[in-house]
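Some notes on the structure that comes next.
Chain identifiers are assigned alphabetically (A, B, ...) following the order of the sequence lines, protein sequences preceding nucleic acid strands; residue numbering begins at 1 within each chain.
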2 protein chains.
Amino acid sequence: MAYPVSLKKLVDVLCRFPGIGQKTAQRLAFYLLGCSREDVIAIARAMVEAKDRLTFCVICGSLAEAESCSYCSDPGRDQSLLCVVQEPRDVLVLERTGQYRGLYHVLHGALSPLDGIGPEELKLDQLVRRVEDKNVGEVIVATNPNVEGDATAAYIAMLLKPLASRVTRIAFGLPVGGDIEYADDLTLSRSLEGRREI
Amino acid sequence: MAYPVSLKKLVDVLCRFPGIGQKTAQRLAFYLLGCSREDVIAIARAMVEAKDRLTFCVICGSLAEAESCSYCSDPGRDQSLLCVVQEPRDVLVLERTGQYRGLYHVLHGALSPLDGIGPEELKLDQLVRRVEDKNVGEVIVATNPNVEGDATAAYIAMLLKPLASRVTRIAFGLPVGGDIEYADDLTLSRSLEGRREI
């Protein structure tokens, strides 16, 4: 037995993180052993505190430290615009662009019949109710550009069309800074489909 | 401000780990948020416990959960053989080979005058005392194959030669499974130097 028990235990729990293997876990463990006791406690506390404090906004389902998130409780945001995303982390990515000033709606997944995820598993009822209740002018669907995301977008369009609000989907095409030569066929055909006058 | 405070704090502390950037830290944070509260506490506890329980063996300086490590307190090990390494983690790597059955001596660094690390900063006095006191037949120097490791090895040889114990250094050469075509010049010349009769 080469490892002391508590080191082995630490490496084992660090291995559970996604993308962290045995070697990286060992490197992280030795980094922790090199930290002061206060720093290790600060890291441990940040984990437990984040877990304890963060919940999902009762209105939109994004991460929040109170009943409603900072977006839903911000009166400066455009209340007539809803952006539908799959996961809470997608909200953070969209926020980073600094472009979007409307509200969000997090589905917490995408339609995937093979994985047993049907419309009931997603926050679709709440979405329909929000669009009905509030004066929502446009719903922007920002689900992932894959089979599940496409199916979910189509389903949402079907649900919301009768409510007479505009339903759009974010554009697909070449990533900025990309190279046409290396674009895959599907991206390139989506890019052609979505062409705009200049 | 896109991130809730406690999430921001968690991502910030995870960013301190070596080799973990903003994006990976965010991925790890979301993994933690997806865990049960018990699992998060288990991870946090493993960190603090490892930090609290692990110290360095008073004899050899490797990681230990008691005053002396499991190697020094194992009577089945060859007491006449000492392997000198730079860091406690090097002991674990050597143990993994399953080849070595002697004792260790951890220097906790290597000579590096530019970084202000001279012989006094390393556990060299203890090494000399161990070799003097015990009946050590051979000291295997397993410092890293770089400038600091080479200088440290030379210094140790100079220190121990008068004590009439054999001082050796682990071999340098082509890594097993490697390809001569891709070997760098220095490794290849060391490999030639260290050639053995077959």
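A donor-acceptor distance shorter than 3.5 angstrom exists from the side chain of A/E65 to the backbone of B/S6, with no hydrogens or angles considered. At distances below 3.5 Å, at least one donor-acceptor pair connects side-chain atoms of B/K51 with backbone N or O atoms of A/L33.
Counting heavy-atom neighbours within 6.0 Å of A/L192 CG, excluding the residue itself, gives a total above 12. Atom CD of B/E138 has more than 12 neighbouring heavy atoms from other residues, nucleotides or ligands inside a 6.0 Å radius. Around the CG atom of B/N135, the shell of radius 6.0 Å holds no more than 12 heavy atoms that belong to other residues, nucleotides or ligands. In A/D185, the CG atom is not crowded: 12 or fewer heavy atoms of neighbouring residues, nucleotides or ligands sit closer than 6.0 Å. Atom CD of A/E132 has more than 12 neighbouring heavy atoms from other residues, nucleotides or ligands inside a 6.0 Å radius.
Of all heavy-atom pairs between A/L28 and B/P18, the closest is CD2-O, 4.0 Å. Closest approach of B/A46 to A/V13, counting heavy atoms only: CB-CG2, 3.8 Å.
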Going by atom type alone, with no hydrogens or angles, which donor-acceptor pairs under 3.5 Å involve a side-chain atom of residues 121-129 of chain A and a protein atom two or more places apart or on another chain?
from, atom 1, to, atom 2, distance (Å)
A/E121, OE1, A/G118, N, 2.9

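With chain A as partner, the option from B/A50, B/P88, B/S62 having the largest number of non-hydrogen pairs under 4.5 angstrom is B/A50. Here B/C35 is the residue among B/C35, B/A64, B/C69 with the most heavy-atom pairs under 4.5 Å with chain A. Considering only heavy-atom pairs separated by less than 4.5 Å from chain B, the leading option among A/R45, A/E87, A/R27, A/K9 is A/R27. When each of B/D52, B/L7, B/I41 is scored by its heavy-atom pairs under 4.5 Å with chain A, the top score falls to B/D52. Interface remark: of the candidates B/Q26, B/R53, B/R16, B/R16 forms the most heavy-atom pairs closer than 4.5 Å to chain A.
Linking Ile, Leu, Val, Met, Phe, Trp and Tyr residues whenever their side-chain heavy atoms come within less than 4.5 Å places B/L32 and A/L32 in a single cluster. A single hydrophobic cluster is seen to contain both A/L160 and A/L107, as judged by linkage of ILVMFWY side chains at heavy-atom distances under 4.5 Å, directly or through other members. Follow the hydrophobic side-chain contacts under 4.5 Å out from B/L111 and you never reach B/V85; the two are in separate clusters. Taking hydrophobic clusters as Ile, Leu, Val, Met, Phe, Trp and Tyr residues chained together by side-chain heavy-atom distances below 4.5 Å, A/V136 shares a cluster with A/L163.
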Using side chain to side chain contact (heavy atoms under 4.5 Å, CB included), reason through A/L10 and B/V48 one step at a time and then give a plain yes or no. CA-CA 9 Å; A/L10 176 57; B/V48 179; over 6 Å; no
Please lay out, stage by stage, how B/L63 and A/F30 fare under the test side chain to side chain contact (heavy atoms under 4.5 Å, CB included). CA-CA 10 Å; B/L63 282 174; A/F30 273 102; 3.5 Å; yes
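There is no contact between A/L94 and chain B, counting heavy-atom distances below 4.5 Å. Heavy-atom distances place the side chain of A/Y31, and not its backbone, under 4.5 Å from chain B. Proximity to chain A is limited to the backbone of B/S36, based on heavy atoms less than 4.5 angstrom apart. Of the atoms belonging to A/T24, not a single heavy atom falls under 4.5 Å from chain B.
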